Amino acid sequence: MLTIADVSKSYGTRELFAQVSLFVARTDRYGLVGPNGAGKSTLFNLILGEETPDTGVIEWERGADFGFLPQESAPVGEETILGIATNGAKLDLIDDDDEDYDIDWTLEPRARKILAGLGFKDADMDLPAKTFSGGWVMRAHIARLLVAEPALLMLDEPTNHLDLEALLWFQDYLTRYSGGLVVISHDRAFLNALCTGILELRAGTLHRYHGNYDDYLVEKEARKEQQAALFKNQQREIAHLQKFVDRFGAKASMATRAKSKEKQIERLKDVAIEEPGEELKRINFRFPQPPRSGLKVIELKNVEQAYGDHVVYRDLNFTAERGQKLVLVGPNGAGKSTLLKILGDVIPIRGGIRELGANVTPGYFAQNRAENLNLEATVLENMMELRTAENDLTEQQARALLGAFLFRKDDVFKKTAVLSGGEKSRLALARLLVDPPNLLLMDEPTTHLDIQSIDALINALRDYTGTFIFISHDVHFIRTLDAHVLHVHSGRLTPYAGNYDYYLEKSRATDARAALTAGFTDGRPKQAAPTAAPDNQKSGIENTKSAKPSANELRRFREQVGLLEKRVVELETKQTEITAELEDPETYADKGKFHHLNKELSSVVDQIAAATAEWETAATKLGAMEQA
């Protein structure tokens with residue numbers, strides 16, 4: 001489908017890559033990886049014909065079409081979301097002149113289904129795209145590509161604009177996509193789920209690996225070890241030959257043999273194996289350890305929080321202790337980001353107490369990096385504005401910190417507004433190092449970071465001695481940090497006394513990533529033991545221990561527990577739907593509707609609590625019956 005042969009590209013004296021060759025078949029699914037600045041996006045531009053290679057050729061098979069998703073979308077005009085998804089195609093006959101117009105009547109239903117999968121509501125699809133944020137416009141462009149079904153999809157960081165639920169839907173859709181795929185992504189789980197090959201641009205060369213991202217890491221390490229062994233053997237042989245030349249080269253009787261050895265050395269040098277080295281331009285930093293705090297870092301007592309009349313938390317209690325690493329998981333809209341902002345004192349609480357422990361300094365790292373940055377200032381100015389009498393930050397120190405995050409030489413004078421998403425994330429991280437807090441709160445810290453930068457952040461956070469509470473949809477990030485789980489749902493917090501795998505086991509989740517936004521789970525806090533009843537009033541649970549139930553009794557009780565579980569799920573689905581409506585700005589234009597929805601939501605939350613308690617009691621009884 002696509003042939004790239006001996007392609008080279010340079011900018012001035014800088015050679016980006018040389019003699020790159022690749023063949024892409026219709027069934028290939030490649031992930032394109034490599035450090036920032038290696039030339040991944042440039043290679044895409046060459047394939048798309050937007051730039052011209054210095055040497056080599058790029059050829060498409062006749063009839064092959066492709067769809068391309070850039071990192072950022074172009075400004076939109078008057079088109080609707082549905083209009084973008086259908087690429088402006090005519091969807092209906094408007095007048096008699098259209099009778100001969102060939103309309104694809106399946107186009108609109110397909111577009112609406114895909115848009116819904118990406119998170120759009122029915123009412124959104126006919127609205128002007130310019131009324132949506134850039135991230136939502138990018139979702140519409142993803143829908144456009146999926147509706148068009150090109151032979152090859154070329155995607156540049158497609159997951160940056162998706163929440164986890166939309167990402168999982170998109171990932172599942174691509175696993176069933178019949179065309180080819182080349183994707184630039186920093187999302188390991190995404191690459192593992194989709195790719196059958198990895199292409200790595202490194203040091204001006206394109207390396208091809210079989211399998212997904214995890215397979216690539218194993219094969220890359222094996223190749224590196226093999227190369228190191230070959231290099232060592234070759235250098236040993238050259239040294240052995242050189243020793244002979246040095247010893248006998250001046251002796252007439254041995255001159256011929258010495259000359260022969262010299263020619264051998266030259267031949268070996270002509271085919272010299274390079275010593276494997278570390279990749280250039282890698283972020284490498286450590287958090288300066290913050291001041292030690294008291295054991296109790298922060299406590300929330302009977303906290304209430306709401307947006308208007310929409311209650312997020314009621315009577316919320318929470319305590320974090322020194323050195324804890326906690327990840328917040330739960331459905332979208334459950335209040336994870338709100339909880340993080342409450343802990344960081346970013347938003348005021350409606351009621352209750354937020355109490356910091358002794359010597360605690362919180363630091364909040366927003367999901368939208370621009371919230372913490374002065375976009376009109378330069379990169380260096382964003383650092384120097386943190387200078388205080390206590391830290392006495394000098395320009396040399398600031399530039400050294402920025403250099404660790406790949407802002408070097410004239411890069412520090414760039415206006416922050418023109419930085420890419422990844423560069424803004426790196427700048428926000430660099431700012432954290434000036435005065436690191438001992439209560440670190442981060443909302444999706446890995447967004448826009450490449451894989452090497454994520455690994456650098458993980459290494460730094462492993463040694464961080466403060467308290468770290470965060471939200472992330474990167475399972476690798478969560479697992480590697482060995483963070484404990486705090487499940488947020490229906491205004492309640494359920495702590496799990498273990499890491500993410502412990503949470504998966506207790507919640508009986510079948511998918512590690514989907515469990516990040518799971519609502520109803522089987523992992524619940526232990527209930528208080530009931531007061532002992534007289535022998536003649538003992539509960540059915542205890543009675544089942546002395547008398548084994550019949551198969552029919554077990555079947556009927558399992559059905560009863562199943563119905564109770566179904567009721568909880570239905571109520572939680574209803575809660576999600578109401579919450580989505582309350583998040584819609586149009587809802588607030590109708591005060592009657594707003595008050596009705598809020599009242600209904602409050603009722604549903606109470607019903608969930610009652611239904612969950614009933615289910616827990618029944619499930620416990622069923623467990624006892626099955627063990628009798």
Side-chain angles (χ1 to χ4, degrees), residues 33 35-36 186-189 191-192 213-214 217-218 220-221 278-279 281-295 297-298 320-329 340 343-344 359-367 369 400-406 422 425-486 495-504 512-513 516:
V33 302
N36 285 338
H186 63 261
D187 190 322
R188 294 169 188 258
L191 294 173
N192 277 333
Y213 189 81
D214 285 346
L217 291 177
V218 173
K220 181 180 178 180
E221 189 60 30
E278 292 298 317
E279 295 171 8
K281 286 193 173 182
R282 293 193 65 172
I283 292 178
N284 186 19
F285 70 97
R286 289 189 64 199
F287 278 105
Q289 296 309 328
R292 184 179 174 88
S293 70
L295 178 61
V297 173
I298 190 168
E321 295 184 349
R322 182 180 62 237
Q324 280 188 309
K325 289 182 172 67
L326 295 174
V327 58
L328 308 182
V329 305
L340 213 59
L343 295 171
N359 199 32
V360 173
T361 305
Y364 174 70
F365 188 82
Q367 185 174 3
R369 310 301 179 235
L401 279 173
L402 289 169
F405 288 87
L406 310 185
S425 288
R426 299 205 310 268
L427 176 56
L429 283 171
R431 282 166 55 94
L432 272 179
L433 300 193
V434 175
D435 282 311
N438 51 23
L439 172 57
L440 183 57
L441 308 161
M442 305 183 90
D443 195 346
E444 296 290 359
T446 63
T447 299
H448 293 296
L449 291 179
D450 62 20
I451 291 172
Q452 291 79 13
S453 301
I454 292 171
D455 286 340
L457 178 59
I458 288 171
N459 290 333
L461 286 169
R462 275 173 168 167
D463 298 328
Y464 175 68
T465 57
T467 303
F468 180 40
I469 304 175
F470 65 102
I471 301 166
S472 177
H473 67 242
D474 187 332
V475 173
H476 171 76
F477 184 78
I478 296 167
R479 277 180 163 147
T480 311
L481 288 175
D482 204 30
H484 284 204
V485 173
L486 187 65
Y496 286 78
N499 60 15
Y500 193 69
D501 288 323
Y502 176 86
Y503 162 69
L504 293 178
R513 205 164 196 186
L516 289 169

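When a residue number appears, it is its place in the shown sequence, counting from 1. Keep in mind that what you see is a predicted model, and the values were worked out from it rather than measured. Values reported hereafter were calculated over all heavy atoms of this structure, with side chains retained and with hydrogens, waters and symmetry mates removed.
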Residues Val475 and Arg513: closest non-hydrogen pair is CG2-CA, 3.9 Å
Can the ring centroids of Phe470 and Phe468 be said to lie less than 6.0 angstrom from one another?
yes
Does some side-chain heavy atom of Val327 sit less than 4.5 Å from a side-chain heavy atom of Leu486?
no
Donor-acceptor contact present, side-chain Gln324 to main-chain Glu321, <3.5 Å
yes
Exercise. For the pair Asn192 (side chain) and Asp214 (backbone), establish whether a donor and an acceptor sit closer than 3.5 Å, ignoring hydrogens and angles.
Key: yes
Task: Verdict with reasoning, Arg462 to Asn459, per side-chain contact (heavy atoms from CB on, under 4.5 Å) - done: CA-CA 5 Å; Arg462 275 173 168 167; Asn459 290 333; 3.4 Å; yes
CG of Leu402 to CZ of Arg426, rounded to nearest 0.5 Å, is 10.5 Å
Across all chains, not counting sequence neighbours, the side chain to side chain donor-acceptor pair (under 3.5 Å) partners of Gln289 are Thr465
Closest heavy-atom pair, Pro290 versus Pro436, reported as atoms and distance to 0.1 Å, is CB-O, 3.6 Å
Closest non-hydrogen contact found for Ala428 with Phe365 is CB-CE1, 3.3 Å
**Message:** Between Tyr464 and Gly323 (side chain of the first, backbone of the second, donor and acceptor by atom type, cut-off under 3.5 Å), is there such a pair?
**Reply:** no
Review point. Checking side-chain contact (heavy atoms from CB on, under 4.5 Å) for the pair Arg292/Arg322: CA distance, chi angles, key distance, verdict?
Key: CA-CA 8 Å; Arg292 184 179 174 88; Arg322 182 180 62 237; 2.8 Å; yes
Between Tyr364 and Leu440, is there a side-chain heavy-atom distance shorter than 4.5 Å? no
Closest non-hydrogen atoms of Arg188 and Ile451, given as atom of the first, atom of the second and distance, are NH2-CG2, 3.4 Å
So CG of Leu406 and CG of Leu427: to nearest 0.5 Å the spacing works out to 12.0 Å
Thr480 and His476 have their tightest heavy-atom pair at OG1-O, 2.6 Å
For Ser472 and Thr446, the nearest pair of non-hydrogen atoms, with its separation, is OG-OG1, 4.3 Å
When Ile471, Leu429, Ile469, Leu340 are each screened for side chain to side chain contact (heavy atoms under 4.5 Å, CB included) with Met442, the one that passes is Leu429
To the nearest 0.5 Å, atom CG of Asp482 lies from atom NZ of Lys325 at 9.0 Å
task = Decide, yes or no, whether a salt bridge links Asp474 with Arg479 under the criterion of side-chain N to carboxylate O below 4.0 Å.
result = no
Report task. May I have the step-by-step check of side-chain contact (heavy atoms from CB on, under 4.5 Å) for Ile478 and Val485, ending in yes or no? Result -> CA-CA 9 Å; Ile478 296 167; Val485 173; 5.6 Å; no
The residue among Ile298, Thr361, Asn438 that forms side chain to side chain contact (heavy atoms under 4.5 Å, CB included) with Ser293 is Asn438
- Stepwise side-chain contact (heavy atoms from CB on, under 4.5 Å) check, Ile458 with Phe477: CA-CA 7 Å; Ile458 288 171; Phe477 184 78; 3.5 Å; yes
d(Leu481 CG, Leu457 CG) to nearest 0.5 Å is 7.5 Å
